[in-house]
S.K.: 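Pasting a structure here, questions to come.
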Amino acid sequence: MNPSNRRQRLHELVVALIAQQGDLDLLDDDNSGSLAVAQGNPAGWLERNRRVVQRYQALVRSAATLDALVEQEANERANPSQL
């Protein structure tokens, strides 16, 4: 398997999963005027950004899992005697 092909498939899967998300937040920087920073709560700002990063990580893990499942199925179809 060509690594650039796999990378392209993963990219397409992540983009498709992101497109399915109704409301996907972006990271706030510390001077964006976010509510947590405005209220003097930098811990809230950090916690919010941590949750945003975790959500994106979950999307990437999901895309990698889907890609692996598709790859496994393709290999099984190409080599049915190896079951």
Side-chain angles (χ1 to χ4, degrees):
M1 169 180 38
N2 185 345
S4 67
N5 288 345
R6 182 165 193 265
R7 185 179 189 102
Q8 180 65 32
R9 279 196 324 264
L10 284 171
H11 173 79
E12 290 170 1
L13 283 167
V14 169
V15 170
L17 289 171
I18 288 172
Q20 288 186 339
Q21 302 299 305
D23 185 23
L24 198 59
D25 292 329
L26 299 176
L27 293 175
D28 280 339
D29 60 11
D30 61 354
N31 61 2
S32 69
S34 70
L35 184 59
V37 173
Q39 293 174 343
N41 182 7
W45 167 77
L46 287 171
E47 179 61 24
R48 181 195 174 282
N49 280 349
R50 184 186 66 77
R51 285 191 310 268
V52 170
V53 168
Q54 286 179 332
R55 191 166 178 192
Y56 279 100
Q57 287 172 332
L59 290 171
V60 171
R61 283 192 304 271
S62 296
T65 301
L66 289 170
D67 181 65
L69 290 170
V70 168
E71 185 71 24
Q72 179 182 358
E73 186 173 321
N75 287 339
E76 288 173 359
R77 287 180 186 207
N79 302 312
S81 61
Q82 292 182 353
L83 295 176

S.K.: State the CG-CG distance between Leu10 and Asn5, to the nearest 0.5 angstrom.
M.R.: 11.0 Å
S.K.: Considering residues at least two apart in sequence or located in another chain, which fulfil the side chain to side chain contact (heavy atoms under 4.5 Å, CB included) criterion with Glu12?
M.R.: Gln8
S.K.: Mind checking what makes side chain to side chain donor-acceptor pair (under 3.5 Å) contact with Gln20, not counting sequence neighbours?
M.R.: none
S.K.: Do Val70 and Leu13 come close enough that some side-chain heavy atom pair is under 4.5 Å?
M.R.: no
S.K.: In terms of hydrophobic clusters joined by side-chain contacts under 4.5 Å, are Leu59 and Val15 together?
M.R.: no
S.K.: For Arg55, enumerate each residue passing the side chain to side chain donor-acceptor pair (under 3.5 Å) test, keeping only those at least two apart in sequence or located in another chain.
M.R.: Gln21
S.K.: Identify whether Leu27 and Trp45 are in the same connected component of the hydrophobic contact network (ILVMFWY, side-chain heavy atoms under 4.5 Å).
M.R.: no
S.K.: Before giving the answer on side chain to side chain contact (heavy atoms under 4.5 Å, CB included), spell out for Arg50 and Leu46 the whole-Å C-alpha distance, their side-chain angles and the decisive distance to 0.1 Å.
M.R.: CA-CA 6 Å; Arg50 184 186 66 77; Leu46 287 171; over 6 Å; no
S.K.: Please give me the minimum heavy-atom distance between Asp25 and Tyr56, naming the atom from each residue.
M.R.: O-OH, 3.2 Å
S.K.: Go through Glu71 and Arg6 one step at a time and tell me if the salt bridge (charged side-chain N to carboxylate O under 4.0 Å, His left out) criterion holds.
M.R.: CA-CA 9 Å; Glu71 185 71 24; Arg6 182 165 193 265; over 6 Å; no
S.K.: Check the hydrophobic clustering (I, L, V, M, F, W, Y; side-chain heavy atoms under 4.5 Å; chains of links allowed) and say if Leu24 and Leu17 are grouped together.
M.R.: yes
S.K.: Taking side chain to side chain donor-acceptor pair (under 3.5 Å) as the definition, give me every residue that meets it alongside Gln57, ordered by chain and number, with sequence neighbours left out.
M.R.: none
S.K.: Run the side chain to side chain donor-acceptor pair (under 3.5 Å) test against Arg61 and tell me which residues pass, sequence neighbours left out.
M.R.: none
S.K.: List the residues meeting salt bridge (charged side-chain N to carboxylate O under 4.0 Å, His left out) with Arg51, not counting sequence neighbours, and say none if there are none.
M.R.: Glu47
S.K.: Hydrophobic clusters here meaning ILVMFWY residues chained together by side-chain heavy-atom distances under 4.5 Å, can you tell me if Val14 and Leu69 are in one?
M.R.: no
